[in-house]
Trainee: 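Below you will find the structure I want to go over with you.
Whatever order the structure lists them in is the order used to number ligands and atoms, beginning at 1. What you are looking at is a predicted structure, and each value in this text was computed from that prediction instead of being measured.
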Amino acid sequence: MENTHICNMISFDNTEIAFASKSKKDLQWSYRLFKMIGKPWLVNLGGWFQKVAFALHLPVKGIIKRTIFKQFCGGESIQDCDAKIKHLGSFNIGTILDYSVEGKDSDQDLDSTKDEVIETIKTSKANDDIPFAVFKPTGICRTDLLEKANKGEAQLEGQYAKDWEVVMTRLDDICKAAHEAGVPVFIDAEDSWFQDAIDRMADAMMAKYNKDAAIIYNTIQMYRHDRLEFLKVSHQAAIAGGYILGVKLVRGAYMEKEREKAKEEGYPSPIQPTKEATDKDYDAAVVYMLENIDKIHFCAGTHNEKSSQKLAELMTEHKIDPADKRVYFAQLLGMSDHISFNLAHAGYNVAKYVPYGPVKEVMPYLMRRARENTSVAGQVGRELGLIIKEKKRRRK
Ligand SMILES: Cc1cc2nc3c(=O)[nH]c(=O)nc-3n(C[C@H](O)[C@H](O)[C@H](O)COP(=O)(O)OP(=O)(O)OC[C@H]3O[C@@H](n4cnc5c(N)ncnc54)[C@H](O)[C@@H]3O)c2cc1C
């Protein structure tokens with residue numbers, strides 16, 4: 001019995017499948033890049049250097065585009081991403097076009113981000129290799145307004161109330177376009193001081209557009225200690241409202257920031273006390289969603305091998321076919337290919353976030369990816385370790 005169980009388990013050890021999409025030259029190139037960004041001092045220096053270089057209009061764009069941008073981004077525009085979309089598609093991996101321009105606050109910029117997201121929805125409609133669209137709420141709403149709305153939209157007054165109406169129109173424009181095109185859209189989760197407002201936006205859109213299919217997906221961050229309960233409450237609301245709950249499940253990306261702000265402002269941290277507590281709630285959420293799969297369609301956004309393995313196993317236990325579109329796995333482009341490619345090879349639904357945008361504008365995103373891949377205490381990082389393993393295998 002135990003043996004059968006092990007045989008059925010999906011394995012992420014197969015670097016041949018993981019890197020089948022990379023030529024010898026590509027692999028060597030990724031090796032050099034991850035070796036370089038493995039050095040924390042170099043990443044810090046690089047972060048400082050790129051800011052100065054852009055400020056002085058030095059010609060650094062080409063270098064960035066040929067190195068770190070090439071690893072983690074699809075291109076500068078939707079059309080630029082074509083080759084990447086096709087390439088991933090040929091390995092049964094979907095693309096989620098993620099317009100990664102951040103920190104824009106003027107109405108003109110927020111409108112143009114909305115238009116861009118609608119373009120990704122239109123592109124997705126015409127292309128089976130793009131299963132979802134995505135957007136960040138701070139891409140369509142000023143942060144000061146979102147923070148105010150978090151405390152209750154009814155309390156907004158004067159210009160704030162007027163601006164909020166404009167935001168709700170932007171939101172509805174995106175969700176309506178997604179509904180009309182039949183393209184599901186993820187609403188990314190952000191800092192807790194915005195998230196109540198985002199949750200209400202997502203709930204309202206799900207109630208409106210998820211009657212027949214999961215078109216709108218909210219994101220739930222399991223590093224928050226209140227989110228397992230939130231998932232259950234959202235599920236009950238979906239039952240009462242007669243709609244399908246769409247969930248992108250993640251652990252959460254802003255832990256340090258959350259803890260710092262809570263400490264500074266003297267309120268209890270919304271973050272779980274330990275990684276184990278986050279993992280426990282993440283696992284419990286997966287089980288809960290599988291048990292309620294008729295009403296909850298979800299995507300597991302994770303680079304955690306165990307979580308991905310466990311979900312695949314639980315799908316078998318719940319007699320859910322790997323190709324069942326109600327369950328998706330997702331990773332970021334340029335990371336955890338051993339998870340994405342092995343899952344896709346075994347017939348599971350997999351998609352990669354493919355960030356794109358002008359080089360200068362996606363720098364904050366790229367610097368976060370670089371920092372994530374710096375080595376801890378001289379150890380070889382996971383991505384680099386896998387590349388070294390595959391290089392050795394190919395030499396045999
Ligand atoms: C496709 C995709 C979409 C994503 N979308 C979003 C999004 O919309 N919003 C968002 O916030 N994040 C998002 N993320 C990022 C995600 O939340 C995680 O930060 C990242 O994936 C790392 O978690 P993991 O499950 O991959 O891996 P792991 O390495 O297993 O987990 C690391 C995570 O565990 C948690 N953690 C670590 N240490 C502790 C501790 N001491 N106490 C409590 N918790 C701890 C943190 O959340 C940390 O990021 C997305 C990730 C992917 C792959």
Trainee: Could you find the nearest protein heavy atom to atom 28 (P) of ligand 1 and give me its residue, atom name and distance?
Mentor: Lys275 NZ, 3.7 Å
Trainee: For ligand 1, is there an N or O atom under 3.5 Å from any N or O atom of Ile271?
Mentor: no
Trainee: For atom 45 (C) of ligand 1, find the nearest protein heavy atom and state the residue, atom name and distance (0.1 Å precision).
Mentor: Met255 SD, 3.3 Å
Trainee: What do you reckon, is CD of Glu157 surrounded by more than 12 foreign heavy atoms closer than 6.0 Å?
Mentor: no
Trainee: Is the contact between Gln221 and ligand 1 made by the side chain, the backbone, both, or neither, using heavy atoms and a 4.0 Å cut-off?
Mentor: side chain
Trainee: Is any N or O atom of Val250, backbone or side chain, closer than 3.5 Å to an N or O atom of ligand 1?
Mentor: no
Trainee: If you have a sec, work out which protein heavy atom is nearest atom 9 (N) of ligand 1 and how many Å separate them, to one decimal?
Mentor: Ala189 O, 3.0 Å
Trainee: Name the closest protein heavy atom to atom 16 (C) of ligand 1, giving the residue it belongs to and the distance to 0.1 Å.
Mentor: Gly252 N, 3.8 Å
Trainee: Between the side chains of Lys280 and Glu276, is the shortest nitrogen-to-carboxylate-oxygen separation below 4.0 Å, so that they form an ion pair?
Mentor: no
Trainee: State whether Tyr365 and Arg368 meet the cation-pi test: NZ (Lys) or CZ (Arg) under 6.0 Å from the six-membered ring centroid, and within 45° of the perpendicular axis.
Mentor: no
Trainee: So which bit of Thr278 gets within less than 4.0 Å of ligand 1, heavy atoms only: side chain, backbone, both or neither?
Mentor: side chain
Trainee: Does a side-chain heavy-atom distance below 4.5 Å link Lys392 with Thr15?
Mentor: no
Trainee: Any idea which protein heavy atom is nearest atom 33 (C) of ligand 1, and the distance to it?
Mentor: Arg251 CD, 3.7 Å
Trainee: At what distance is the nearest protein heavy atom to atom 6 (C) of ligand 1, and which residue and atom is it?
Mentor: Lys248 NZ, 3.6 Å
Trainee: How far apart are the closest heavy atoms of Ile121 and Ala181, and which atoms are they?
Mentor: CG2-CB, 3.8 Å
Trainee: What part of Asp279, side chain, backbone, both or neither, has a heavy atom within less than 4.0 angstrom of ligand 1?
Mentor: neither
Trainee: Who's the nearest protein heavy-atom neighbour of atom 30 (O) of ligand 1, and how far?
Mentor: Asn304 ND2, 2.7 Å
Trainee: If you measure every N/O of Thr302 against every N/O of ligand 1, is any gap under 3.5 Å?
Mentor: yes
Trainee: Considering only protein heavy atoms, which is closest to atom 26 (O) of ligand 1, and at what distance to one decimal place?
Mentor: His303 N, 2.7 Å
Trainee: Can you tell me if Lys352 contacts ligand 1 (heavy atom of the residue under 4.0 Å from the ligand)?
Mentor: no
Trainee: Identify whether the distance between the nearest side-chain nitrogen and carboxylate oxygen of Glu305 and Arg382 falls below 4.0 Å.
Mentor: yes
Trainee: Quick one: does Lys162's side chain get under 4.5 Å of Gln159's, heavy atoms only?
Mentor: yes
Trainee: Strictly below 4.0 Å, N to O, side chains only: are Asp98 and Lys136 in salt-bridge contact?
Mentor: no
Trainee: Just to be sure I read this right, does ligand 1 sit under 4.0 Å from the backbone of Arg259, its side chain, both, or neither, counting only heavy atoms?
Mentor: side chain
Trainee: If every non-hydrogen atom of Leu249 is compared with every non-hydrogen atom of Tyr282, which pair is closest and at what distance?
Mentor: CD2-CE1, 3.6 Å
Trainee: Is Glu276 in contact with ligand 1, taking contact as a heavy-atom separation below 4.0 Å?
Mentor: no
